[in-house]
> 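Can you read through this structure? Questions will come right after.
So that the names make sense, note that chain A is the first sequence line, chain B the second, and so on, each numbered from 1. Just so it is clear, the model here is predicted, and its values are computed rather than measured.
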Amino acid sequence: MAKNLLIVESPAKAKTIEGYLGKDFTVKSSYGHIRDLVKSEDAIDTANNFTQKYEVPADKKQVVSELKKLAKEAEMVWLASDEDREGEAISWHLFETLGLKDATTKRIVFHEITKPAILKAIDTPRKIDYNLVNAQQARRVLDRLVGFELSPVLWKKVKPSLSAGRVQSVAVRLIVDREREINKFKSEAAFKIVAIFGKGKEAFKAELAERFSKQEDAEKFLSDCIGADFDIRSLETKPAKRSPAAPFTTSTLQQEASRKLGYSVARTMQVAQKLYESGNITYMRTDSVNLSETALNAAQQEIVSAYGEKYHQHRKYKTKNASAQEAHEAIRPTYFNNHTIDGDSSEKRLYELIWKRAIASQMSEAQFEKTTAKISISSRREELTANGEVMKFDGFLKVYLESADDEEEDTQQDGENAMLPPLTKGQRLALQEMSATERFSRPPARYTEASLVKKLEELGIGRPSTYAPTISTIQNRGYVVKEEREGKIRNFRVLTLKGDAIVKENKTENTGAERGKLFPTDIGAVVNDFLVQYFNDIVDFHFTASVEKQFDEIAQGLKEWTAMLHDFYNPFHKEVQSTIETADKATGERELGAHPENGKKISVRIGRYGPFVQVGDSATEENDEKPLYASLRNGQSIETISLEEALELFKLPKVVGEYEGKVMKVAIGRFGPYISHNSAFVSLPKEIDPLDVTEEQAIELINAKRKKDAEKLIKSFDEDPEVKVLNGRWGPYIEFGKLNVKIPKDKDPLTLTYQECKALADAMPKDAKKGRFGKAASAKPAAKAPAKKKAAAKKK
DNA sequence: CAGTGAGCGAGCTTCCGCTTGACTT
């Protein structure tokens with residue numbers, strides 16, 4: 001029996017540490033927090049100094065009972081959770097829940113998982129820091145109060161099941177605000193002048209700093225340049241250097257993996273978790289850019305042996321982030337001499353990124369020589385500028401170049417870093433070609449998942465462990481969608497001077513196309529506006545920073561945590577109550593104008609089933625004429641839809657003809673345009689406009705769909721036509737009414753009987769919840785089903 | 001999933017931060 005029990009948060013960490021400590025120590029993991037506030041309303045007694053009710057959640061019961069048993073047998077228990085607010089609270093919860101004794105409990109901390117760091121920690125134990133614990137309790141209680149008082153206000157005033165919180169509501173606000181900036185943005189056009197001098201390999205580009213907003217000015221400039229002399233007026237060469245970026249934190253890893261590998265933040269974290277569990281990288285949820293001494297030495301050794309002494313440069317990075325808690329190291333390879341690892345291709349690629357970034361962070365800077373040539377024009381006062389760059393020493397660029405968000409692509413294109421041929425002052429240049437191209441100013445960029453994380457981190461909102469889940473939450477609630485949207489064709493003008501002639505051309509480009517960007521939905525915008533109107537303090541971008549400051553004061557023992565909560569809660573709770581009493585229901589209603597034919601009012605708002613258009617006033621006692629309704633399509637929004645677009649929606653659904661004695665209708669559903677016929681549905685291909693579908697086309701599509709379905713069919717049954725055995729993308733499955741049932745490997749789909757199918761369908765768990773963080777025992781499954789049946793019965 | 005847009009009104013939903021497995025139409 002080991003004399004010592006040491007408890008850390010992560011099982012992978014426990015395994016490593018056990019190896020360092022030998023037989024006297026058993027090292028176990030708590031798997032994060034082991035207790036949480038109870039789910040019910042009475043979790044916090046606000047009238048009684050915010051007394052909390054905690055419970056061990058079902059999925060933690062086993063961990064807790066095992067730890068309890070081991071703690072009882074051990075002579076000394078070492079609480080080694082992370083050294084930050086949450087970690088201190090975990091230690092305290094362990095102390096309370098496991099029934100530990102002061103005399104036989106020690107609290108230790110370390111920032112890196114290396115043998116010397118652990119041994120040093122064991123030599124310098126301390127007690128649980130209750131100030132830090134109180135700061136965590138204040139954080140936990142505040143988040144619960146905000147979330148569980150604000151969300152019900154939304155259920156009453158907007159729609160059931162919505163949510164609000166200190167972190168998610170600000171994330172949504174950022175996206176809503178950005179979308180409105182983009183909608184408001186007025187693009188300005190101006191002509192940009194680019195000249196090409198010299199021939200072949202000696203050719204280079206020069207630009208005019210000024211731009212012309214009028215075409216005639218640009219044209220005048222070009223015509224002035226006909227036959228003009230171009231001389232190098234000045235030539236300046238300056239050394240320049242570039243330094244490597246710090247090694248990865250969670251947020252920078254998410255950003256680079258998104259830009260360079262195209263991973264979503266959730267994917268990045270899944271892959272990183274695997275790399276961590278296989279022992280290839282250090283912990284992946286961190287806000288620290290710090291590397292341990294051991295790591296610095298290992299990196300040095302690797303750089304020197306692979307690239308030479310010249311490439312190594314010892315560097316210490318400091319976090320710029322005030323909210324960072326730095327309980328861990330930066331994300332780095334565990335062994336720098338492993339340039340690649342075993343694993344699937346996504347693991348290999350992410351590992352390579354991490355390895356390069358960490359290695360580069362300890363390498364010397366890259367050195368350049370930047371040349372700027374100013375070129376005079378004999379017929380004009382302006383001058384052209386040519387920039388060239390020559391790399392003198394590659395330094396860290398040998399392994400890694402950080403990428404940038406593509407916000408200002410206009411300024412960095414056109415050979416900004418190209419090489420210049422050898423030039424001398426006073427040299428006369430031969431103009432090859434000069435062009436004036438119409439360019440447009442660009443609206444601010446929409447957020448990607450990763451750039452939203454970056455922004456949240458800058459604002460100090462959220463933590464490394466919550467960035468990915470927060471992004472999922474705001475999408476799951478329907479506040480935000482990640483989408484691809486088509487751009488618009490835009491015309492632009494190009495004037496080209498070649499020889500003595502100016503050629504004018506009209507060209508087109510596609511602009512505004514987006515891939516994988518975050519768009520607010522109407523419900524997201526309405527919820528946001530409601531919160532901004534009634535709870536501006538909470539969704540203020542600085543709210544978290546201001547409460548964090550107070551948590552810090554609590555942690556330093558300068559402030560009493562319940563006093564802080566009183567100061568926050570009393571006014572907040574009053575706001576909640578008065579909002580419930582006085583606020584109107586929020587629907588985002590907007591009047592678009594009058595119907596051009598009958599003058600009826602046309603308005604848009606969100607309803608139970610999403611955004612829709614209404615023509616005519618709602619029915620009242622005097623007015624019994626019913627209004628007409630139509631749902632908005634994907635990508636349309638009540639904020640931006642025009643009167644014309646709204647009227648278009650009433651052209652569908654439309655009867656396009658008859659087939660086999662039943663009508664065929666074209667309509668638009670959640671997944672796009674479709675034809676319905678005899679309770680069967682066929683999606684319309686993209687290239688067919690739903691308004692122009694002919695009877696013949698519709699019949700053709702229906703028959704094509706039937707043929708395809710027949711090919712998928714393996715067998716059907718006389719007992720019940722609703723039950724079929726089909727061939728799907730992932731192999732054969734049974735379609736049992738609306739339920740899809742996977743066929744076990746030991747059964748042959750060809751010989752399945754109806755009874756076997758029924759048995760398989762019955763064996764499916766009805767309450768199976770999807771999702772990574774789904775809780776199994778969250779609701780009584782029986783409660784939901786009858787409620788839905790009732791609603792359905794109601795309709796008839 | 002699929003054209004609706006009232007309301008008899010039960011009982012439900014919801015936060016942020018720590019951690020992993022089991023699961024995938």
> Looking at B:dG17, B:dA6, B:dT14, which one has an atom nearest to any side-chain atom of A:Pro152?
B:dT14
> Would you kindly check whether a donor in the side chain of A:Arg139 faces an acceptor in the base of B:dC16, or vice versa, at under 3.5 angstrom?
yes
> Where the side chain of A:Tyr674 is concerned, which of B:dG3, B:dG21, B:dT19 is the nearest nucleotide?
B:dG3
> Give one of base, sugar-phosphate or nothing for A:Thr466, where a contact means two heavy atoms less than 4.0 Å apart.
base
> Backbone N or O of A:Phe551 within a donor-acceptor pair of the A:Arg139 side chain at under 3.5 Å?
no
> Rounded to whole angstroms, how far apart are CG on A:Leu37 and C1' on B:dC15?
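Those two atoms, CG and C1', are 10 Å apart.
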> What nucleic acid atoms does A:Arg477 come within less than 4.0 Å of, heavy atoms only: base, sugar-phosphate, or nothing?
sugar-phosphate
> Between A:Asp59 (CG) and B:dC23 (C1'), how many Å, whole number?
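Taking CG of A:Asp59 and C1' of B:dC23, I get 16 Å after rounding.
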> Using whole Å, what does the distance between atom P of nucleotide B:dT20 and atom NZ of A:Lys28 come to?
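Interatomic distance, NZ of A:Lys28 to P of B:dT20: 15 Å.
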> Of all the nucleotides listed (B:dG17, B:dT19, B:dC15), which has the minimum atom distance to the side chain of A:Glu9?
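Nucleotide nearest to A:Glu9's side chain: B:dT19.
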> Counting the atoms with a prime plus P, OP1 and OP2 as sugar-phosphate, which does A:Gly462 contact under 4.0 Å by heavy atoms, base, sugar-phosphate, or nothing?
sugar-phosphate
> Any base atoms under 4.0 Å from A:Gln136, or only sugar-phosphate, or nothing? Heavy atoms, all strands.
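The residue A:Gln136 makes no contact with any strand.
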> Please determine whether any donor N or O and acceptor N or O are separated by less than 3.5 Å between the side chain of A:Ser631 and the base of B:dG5.
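Present.
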> Name the nucleic acid region contacted by A:Val146, choosing base, sugar-phosphate or nothing; use a 4.0 angstrom heavy-atom cut-off, strictly under.
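Nothing: the residue A:Val146, judged by heavy atoms under 4.0 Å, touches no strand.
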> Counting only side-chain N and O atoms of A:Arg285, is one of them less than 4.0 Å from OP1 or OP2 of B:dT20?
yes
> Mind calculating the distance between CD (A:Gln273) and P (B:dT19) to the nearest angstrom?
9 Å
> What's the separation between atom CZ in A:Arg590 and atom CD1 in A:Ile641, rounded to the nearest 0.5 Å?
8.0 Å
> Calculate the interatomic distance between A:Met664 atom CE and B:dG3 atom P; express it in whole Å.
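After rounding, the gap between these two atoms is 20 Å.
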> Taking atom types as they are modelled, is there a donor-acceptor pair under 3.5 Å from the base of B:dC16 to the side chain of A:Arg463?
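Donor-acceptor pair under 3.5 Å: no.
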> Which residues in residues 156-165 of chain A have a heavy atom closer than 4.0 Å to any atom of DNA chain B?
A:Pro160, A:Ser161, A:Leu162, A:Ser163, A:Ala164, A:Gly165
> At 4.0 Å (heavy atoms only), tell me whether A:Tyr467 reaches a base, stays on the sugar-phosphate, or touches nothing.
nothing
> Just to verify, what does A:His111 make a ring pair (Phe, Tyr, Trp, His ring centres under 6.0 Å) with, not counting sequence neighbours?
none
> Who are the ring pair (Phe, Tyr, Trp, His ring centres under 6.0 Å) partners of A:His542, not counting sequence neighbours?
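Testing A:His542 for ring pair (Phe, Tyr, Trp, His ring centres under 6.0 Å), a comparison that skips the adjacent residues, returns none.
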> Which residues pass the side-chain hydrogen bond (donor to acceptor under 3.5 Å, both in side chains) test with A:Gln550, not counting sequence neighbours?
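Expected list: A:Lys559.
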> Specify the separation, in whole Å, of atom CG of A:Asp82 and atom P of B:dT19.
6 Å
> Could you work out, with side-chain contact (heavy atoms from CB on, under 4.5 Å) as the rule, every residue matching A:Glu589, not counting sequence neighbours?
A:Thr587, A:Lys601, A:Ser603, A:Arg605
> Please check the phosphate of B:dG17 (OP1 and OP2 only) for any side-chain N or O of A:Tyr31 closer than 4.0 Å.
no
> Under a 3.5 Å cutoff on both atom distances, Watson-Crick or G-U, what's the dot-bracket for DNA chain B ([ ] crossing, | other strand)?
.........................
> Using a heavy-atom cut-off of 4.0 Å across all strands, would you classify A:Gln168 as base, sugar-phosphate, or nothing?
sugar-phosphate
> List in chain and number order the residues that pass ring pair (Phe, Tyr, Trp, His ring centres under 6.0 Å) with A:His328, two or more places apart in sequence or in another chain; answer none if no residue qualifies.
A:Tyr283
> Between A:Lys665 and A:Asp143, name the one whose nearest nucleotide on DNA chain B is closer to the 5' end.
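Nearest-nucleotide comparison on DNA chain B picks A:Lys665.
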> Measure the distance from CD1 on A:Ile90 to C1' on B:dT19 and round it to the nearest whole Å.
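One finds 8 Å between C1' of B:dT19 and CD1 of A:Ile90, rounded.
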> In terms of heavy-atom contacts, does NZ of A:Lys654 have more than 12 from other residues, nucleotides or ligands at under 6.0 Å?
yes
> For A:Ser91, which contact category applies under a 4.0 Å heavy-atom criterion: base, sugar-phosphate, or nothing?
nothing
> Output the single nucleotide from B:dT20, B:dC18, B:dT14 whose closest atom is nearest the side chain of A:Phe148.
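Looking only at side-chain atoms, A:Phe148 lies closest to B:dT14.
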> Using a cut-off of less than 4.0 Å, is there contact between a side-chain N or O of A:Arg35 and OP1 or OP2 of B:dC18?
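It does not, given that no N or O in the side chain of A:Arg35 lies less than 4.0 Å from OP1 or OP2 of B:dC18.
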> Which of parallel (below 30°), tilted (30 to 60°) and perpendicular (above 60°) describes A:Tyr534 and A:Phe530?
tilted
> Touch check for A:Arg140, heavy atoms < 4.0 angstrom, all strands: base, sugar-phosphate only, or nothing?
base
> Closest approach to the side chain of A:Asp84, judged atom by atom: which nucleotide of B:dC18, B:dT20, B:dC15 is it?
B:dC18
> Check every atom of B:dC16, B:dC15, B:dG21 against the side chain of A:Arg166 and return the nucleotide holding the closest atom.
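Between B:dC16, B:dC15, B:dG21, the one nearest the side chain of A:Arg166 would be B:dC16.
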> Run the side chain to side chain contact (heavy atoms under 4.5 Å, CB included) check on A:Val158 and A:Val153 step by step: do they pass?
CA-CA 8 Å; A:Val158 188; A:Val153 179; over 6 Å; no
> Using the side-chain contact (heavy atoms from CB on, under 4.5 Å) criterion, which residues pair with A:Ser161? Sequence neighbours excluded.
none
> Whole angstrom is fine here: how far is it from CD1 in A:Ile34 over to C1' in B:dT20?
16 Å
> Applying ring pair (Phe, Tyr, Trp, His ring centres under 6.0 Å), can you list everything that pairs with A:Phe681, at least two apart in sequence or on another chain?
A:Tyr674
